[in-house]
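No experiment lies behind these values; they were computed from the predicted model shown. Proteins come first, then strands; the chains are lettered A, B, ... in the order of their sequence lines, and each starts at number 1.
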Amino acid sequence: MQPVAEFFRWLADAHGINLTIFYDSVDRSRFLTGLFTTIWLSIVCIFLSILIGLTGALIQGAHSPIPRAAVRSFVQFFRNTPPLVQLAFFYFAVSALLPMVTDRHGVKVPLIDNVGWAIISFSLFAGAFNVEIFRSGIEAVPKSTIEAAEALGYTRVKAYLYIIMPLAFRVCLPALGNNLVNLVKTTTLAYAIGVPELLYAAAQIWSEVLNVREMMWVLLFTYIIIVAVLVFVMHRWERALRIPGYSA
Amino acid sequence: MTTTQPIVVIENVEKRFGALVVLKDVSLTVKRGETICIIGPSGSGKSTLLRCINALAPIDKGQITVDGIAVNDPALDKLALRRRVGVVFQQYNLFPHKTALQNIMMAPVQVLKEDKVEVEARARRLLAKVKLSEKADVYPGELSGGQQQRVAIARSLAMNPKVMLFDEVTAALDPETKKEVLHTIRELATEGMTCVLVTHEMGFAREVADHIYFTDGGVIVEHGPPAEFFARAKEERTRAFLEQVL
Ligand SMILES: Nc1ncnc2c1ncn2[C@@H]1O[C@H](COP(=O)(O)OP(=O)(O)O)[C@@H](O)[C@H]1O
Ligand SMILES: [Mg+2]
């Protein structure tokens, strides 16, 4: 690490390009914490949003109209309001309705902290889109295939689990990939409620070091890499699920 | 193997889709081990009748019993019915994300919760029976129509059904592959499986059927043993239809 740090210190002195994250241990750990938080937040929200999407799509296939209407309202609400407003709404309005709890040190704290609300808010936001994505995938499964399953004794839930979902999933992987990329980008909004993710860390650094220009490059670059990794994983997944002789 | 014991009894069944009456006062009986063929023009309600037998479509009037199970009973045990009745469709409807062998194994393992090892042995025997042993690990998309249809038959047989329903299973196949599928069905029929066959293959119907039913416009116009039915159809509508297809 030493030669790298030396190089960036020289770059700052000689050319005024000040990338403290490469030579200052405090800034580096801020940046890495931000990076880690963004990645962790993304992974948790990806997982939860897929779960929400699957559950919502299953409920939309139910016979009873009330749960179907509930899912439809949920989807409409989260699709048709800005995610930043949703986040603020949860963090300020919903949080205020919940009781305070006492933490280990005897301090009264909110039941759910800012990271918790970010997770809830983004998972619901991306989950609402996932419901629609999975639903369209389910609709692409031929009725006759479902009927064949029924004729073999499959119940609705079992057919959904073993036949409909595996087929629908393959159909909607590209759309799911797009939505998950969107989710990762949306995590930057957590900055607004003080979650120490990448943008927050960058802002902390530039407000001290006054290297806004450099940190913008760093931010953009980091997100390009994170999204590239996600896209790569999604493509590998698509490839792994490809069925010989079958085009979804 | 034909006995006089009925296994499928359909009595005065009516089936409507909204205002459209698709089956009118349909009655027929299939005895154990018997093979019956249902023929008739497109839209006459043949598929609907098969779907009613298997409770895939509810009936509006009348009564259907399969092996003593009342299909139209509100407290119907669907699984009990469906493990007794195998259905093969025109479009095969194999599960495209599973290999031939897995397609056959899925329902016994996932629905009946049978032992996987036993089921696999049975599935391999069934694949051999439909002469597709070498295709065990191949996906449906890599099989010809006739091969897919034979896997579909094996998949139904894996549930050890007492009755097999075939709905125009060769209609989508070319003449060569048709033969393979008909061969499989013929074998089943001779082994004593109870078969209900909707088909446009008159030659095949004449050869394998114990009894032929002709439907038109949702009613059974005429029925009888094949020799008699084909030689001396009484109804004008039947004769007109037979003239067209023979
Ligand atoms: N799910 C359905 N909803 C409305 N009408 C249907 C449905 N299924 C079949 N029908 C109608 O019922 C009639 C009989 O259809 P079907 O049983 O498929 O005839 P077949 O198999 O003899 O060609 C047709 O007029 C068809 O349009
Ligand atoms: Mg039909």
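- Residue-environment remark: CG (Leu97(A)) exceeds the threshold of 12 foreign heavy atoms within 6.0 Å.
- Among Pro244(A), Ala148(A), Gly245(A), the residue making the largest number of heavy-atom pairs under 4.5 Å with chain B is Pro244(A).
- Shown here for Ala151(A) and Phe89(B), the closest heavy-atom pair between the two residues is CB-CZ, 4.2 Å.
- Heavy-atom distances place the side chain of Val87(B), and not its backbone, under 4.5 Å from chain A.
- Atom CZ of Phe221(A) sits in a sparse spot, with 12 or fewer heavy atoms from other residues, nucleotides or ligands closer than 6.0 Å.
- Between the side chain of Lys78(B) and the main chain of Gly153(A), no donor-acceptor pair closer than 3.5 Å is present.
- Contact detail for Lys113(B) and Lys158(A): the closest heavy-atom pair is NZ-NZ, 3.5 Å.
- Looking only at distances, a side-chain donor or acceptor of His97(B) sits under 3.5 Å from a matching main-chain atom of Tyr162(A).
- More than 12 heavy-atom neighbours from other residues, nucleotides or ligands sit within 6.0 angstrom of CZ on Arg186(B).
- Looking at Ile163(A) and Met106(B), their side chains come closer than 4.5 Å, going by heavy atoms from C-beta outward.
- Residues of residues 32-58 of chain A lying under 4.5 angstrom from chain B, judged on non-hydrogen atoms, do not exist here.
- For Gln91(B), no part sits under 4.5 Å from any heavy atom of chain A, backbone or side chain.
- What you find for Ala107(B) and Tyr154(A) is that their closest heavy atoms are N-OH, 3.5 Å.
- In terms of heavy-atom pairs under 4.5 Å with chain A, the best-connected choice from Leu81(B), Val88(B), Val111(B), Leu165(B) is Val111(B).
- Only the side chain of Arg51(B) comes within contact range of chain A, with heavy atoms under 4.5 Å apart.
- Residues of residues 130-146 of chain A that come closer than 4.5 Å to chain B, counting heavy atoms only, are Ser144(A), Thr145(A), ordered by residue number.
- In this structure, CZ on Phe95(B) lies 12.5 Å from CD1 on Ile243(A), to the nearest 0.5 angstrom.
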Go through it in stages, so that I can follow the logic: the residues are Glu147(A) and Asn93(B), the test is side-chain contact (heavy atoms from CB on, under 4.5 Å), and I'd like the CA-CA distance, side-chain angles, deciding distance and then a yes or no.
CA-CA 9 Å; Glu147(A) 191 159 82; Asn93(B) 302 338; 5.7 Å; no
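- Environment of OH in Tyr213(B): crowded, with over 12 heavy atoms of neighbouring residues, nucleotides or ligands closer than 6.0 Å.
- For the atom pair CZ (Arg83(B)) and CG (Leu152(A)), the distance works out to 12.5 Å, reported to the nearest 0.5 Å.
- By the neighbour-count criterion of 12 heavy atoms within 6.0 Å, atom NZ of Lys131(B) is densely surrounded, having more than that number from other residues, nucleotides or ligands.
- Only the backbone of Val85(B) comes within contact range of chain A, with at least one heavy atom under 4.5 Å from a heavy atom of that chain.
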